[in-house]
Amino acid sequence: MRKWKVVVTDYEFETLQYEREVLPASQFELVEAQCTTEEEVIRAAHDADALLNQYAPITRKVIERLERCQVIARYGVGVNTIDLQAATDKGIYVANVPDYCRDEVADHALALMLSWLRKIVVAHQEIRGGRWDFKATRPIYRLRGRTLGLVGFGNIPRALAEKAKPLGLQVIAYDPYCQPDAAREHGVELVSLAELCRRADVLSVHAPLTDETRGLIGREQFQLMKREALIVNTSRGPVIDEIALIDALREQQIAGAALDVVEQEPIDRQNPLLAMDNVILTPHVAWYSEEAEQEMRTKAAQSIRDVLLEQRAPVYLVNKQVRSQSQADVHEHKAK
């Protein structure tokens, strides 16, 4: 019996231990690759039955060269590395892991916000430089009573809202796809993007990266924000127009930024953000905990097992049109 061929297009883990537990060698051939270009993915995966993907580009060009692929599973929530329409056109399931790091990202966004507002990094650097004086952190404002504005109101920002409200923060959100009743259940007011920018003392970005959200927060939005406002981003770098952000920080249109993600990762060493005292940066680590990593990798591998071995759609199916197409094909076959 032929083994199912699963190509891991790229990964940052020391081993593929968790993947092999879900996809045993008796039934699956797990091929390890470290692709960075379309051509490398095509060479490694043209005859694969499934792909496990982290950052390698799964473009239409790649997908059209996949000879027998049935499912592409992505490590993580975002699927911006994959051309969803091309996969759907070819009848390939695309799966993600939307629930593995809900608390981790919410915790990290909250930690960035508190670190900046309480001037933790500034105080630490001052002490290391030999200065023990609270005045180096001026001004610090009381947290209670301030407004947290959420760009997006999916699972992660809902978790952040739950954590922020006991601190005395008022929480508002912008999400054109969220129903007002769903927001009210969490004690959150839905507003327009413009109103969110005007009212927020802290604006925390949680929108996925799509054609619609690329550059969503740009010059127009920064001009609306308070001069003492902080912007936090734990979603995807390009959701914020980075040039506009740098200009807004330089011109003091806003007070600061706390970023786990940037447009180009790893960050360019010449990026002006690195030299700004009013910026906190972390290396796209918000998603990470040991438990979250294990959950992400196990669930991504399980999506492949679901399709190839169990002959069913993955639990975390992104392009649901594929399931509809498959059902239509079955009905058509029965009618014949």
Side-chain angles (χ1 to χ4, degrees), residues 6-13 16 18-19 22-23 35 41 45 48-60 62-63 66 69-106 108 152-159 175 177 205-214 234-239 260-261 265 284-289 291-308 310 312-326:
V6 179
V7 172
V8 185
T9 62
D10 58 310
Y11 62 98
E12 295 178 314
F13 323 119
L16 295 178
Y18 302 124
E19 292 82 350
V22 178
L23 306 171
C35 305
V41 177
D49 298 292
L51 305 185
L52 271 168
N53 170 250
Q54 190 167 21
Y55 301 123
I58 312 300
T59 61
R60 179 172 289 276
V62 170
I63 288 169
L66 299 178
C69 182
Q70 297 184 45
V71 56
I72 302 169
R74 174 145 203 287
Y75 290 121
V77 181
V79 289
N80 49 290
T81 60
I82 304 166
D83 188 323
L84 289 178
Q85 189 57 56
T88 302
D89 292 345
K90 200 160 183 180
I92 298 173
Y93 290 117
V94 175
N96 65 346
V97 190
D99 58 356
Y100 78 100
C101 62
R102 178 178 182 266
D103 277 314
E104 282 81 1
V105 177
H108 199 85
F153 199 60
N155 289 332
I156 290 170
R158 291 180 190 193
D175 190 327
Y177 300 103
V205 180
H206 300 278
L209 179 59
T210 65
D211 290 340
E212 185 180 4
T213 63
R214 186 178 295 274
T234 53
S235 61
R236 290 292 185 270
V239 175
D260 185 56
V261 289
E265 296 180 8
H284 202 148
V285 71
W287 65 273
Y288 171 71
S289 71
E291 295 87 350
E293 181 180 308
Q294 179 176 353
E295 183 180 358
M296 173 187 70
R297 294 165 59 186
T298 299
K299 287 183 173 180
Q302 184 62 48
S303 290
I304 289 175
R305 184 183 178 96
D306 285 345
V307 174
L308 298 183
E310 309 296 338
R312 64 188 181 201
V315 173
Y316 300 111
L317 178 63
V318 177
N319 55 340
K320 294 180 171 55
Q321 306 95 315
V322 170
R323 177 159 34 200
S324 300
Q325 290 173 6
S326 299

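By convention here, the first residue in the shown sequence is residue 1.
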Between Tyr75 and the options Glu293, Lys299, Glu19, the side chain to side chain contact (heavy atoms under 4.5 Å, CB included) test singles out Glu19
Looking only at heavy atoms, the pair that brings Tyr11 and Gln54 closest together is CA-OE1, 3.0 Å
CG (Asn53) and CZ (Arg74) are apart, to the nearest 0.5 Å, by 6.0 Å
>> Donor-acceptor check, side chain of Thr213 to backbone of Pro208, threshold 3.5 angstrom: yes or no?
In response: yes
Value for CG (Leu308) from CG (Leu23), rounded to nearest 0.5 Å, stands at 8.0 Å
- Query: If only atom types and distance count, is the side chain of Asn319 paired as donor or acceptor with the main-chain N or O of Ile92 below 3.5 Å?
  - Reply: yes
Closest non-hydrogen atoms of Asp103 and Ala159, given as atom of the first, atom of the second and distance, are OD1-CB, 4.5 Å
For residues 48-58, the salt bridge (Lys or Arg N to Asp or Glu O under 4.0 Å) pairs (sequence neighbours left out) are Arg2-Asp49, Asp49-Arg68
Nearest heavy-atom contact between Ile304 and Leu51 is CD1-O, 3.7 Å
- Message: I'd like to check Tyr93 versus Ile72 (side-chain heavy atoms, cut-off strictly below 4.5 Å). Are they in contact?
- Response: no
Check the pair Arg236 / Arg214 against side-chain contact (heavy atoms from CB on, under 4.5 Å), numbers first and verdict last. CA-CA 9 Å; Arg236 290 292 185 270; Arg214 186 178 295 274; over 6 Å; no
Heavy-atom closest pair (Ser235 atom, Val261 atom, distance to 0.1 Å) is O-CG1, 3.7 Å
*Heavy-atom distance under 4.5 Å between the side chains of Asp89 and Arg60, does that happen here?*
yes
Distance col, row Ile156:CD1 vs Cys101:SG, nearest 0.5 angstrom, shows 4.5 Å
In terms of heavy-atom contacts, Asp99 and Tyr316 come closest through OD2-OH, 2.8 Å
dist Leu52:CG -> Asp10:CG (nearest 0.5 Å) comes out at 10.0 Å
- Message: Distance alone, cut at 3.5 Å: any donor-acceptor contact between the side chains of Thr210 and Asn80?
- Response: no
Scanning both residues in full, the closest heavy-atom pair of Val94 with Ala87 reads CG2-CB, 3.6 Å
Checklist entry - Would you find a donor on one side and an acceptor on the other, under 3.5 Å apart, between the side chain of Asn96 and the backbone of Gly78? => result no
Distance col, row Ser289:OG vs Gln294:CD, nearest 0.5 angstrom, shows 10.0 Å
Taken in chain and number order and not counting sequence neighbours, the residues that satisfy ring-ring contact (aromatic ring centres under 6.0 Å, His included) with Phe153 are His186
inquiry  = Does Glu291 form a side-chain contact (heavy atoms from CB on, under 4.5 Å) with Met296? I'd like the steps, not just the answer.
reply    = CA-CA 9 Å; Glu291 295 87 350; Met296 173 187 70; over 6 Å; no
Sequence neighbours excluded, the answer for side chain to side chain donor-acceptor pair (under 3.5 Å) partners of Gln302 is Asp306
Interatomic distance, NZ@Lys320 vs OG1@Thr88, rounded to 0.5 Å, equals 11.0 Å
Do the side chain of Asp260 and the main chain of His284 share a donor and acceptor less than 3.5 angstrom apart?
-> yes
Can you list the steps and then say if Tyr100 with Val77 is a side-chain contact (heavy atoms from CB on, under 4.5 Å)? CA-CA 8 Å; Tyr100 78 100; Val77 181; 3.9 Å; yes
Quiz item: Where the side chain of Lys90 meets the backbone of Leu66, is there a donor-acceptor pair that is under 3.5 Å apart?
Solution: yes
| task | Start with the C-alpha distance between Val41 and Ile58, add both sets of side-chain angles, then the distance that settles side-chain contact (heavy atoms from CB on, under 4.5 Å), and finish with yes or no. | result | CA-CA 8 Å; Val41 177; Ile58 312 300; 3.9 Å; yes
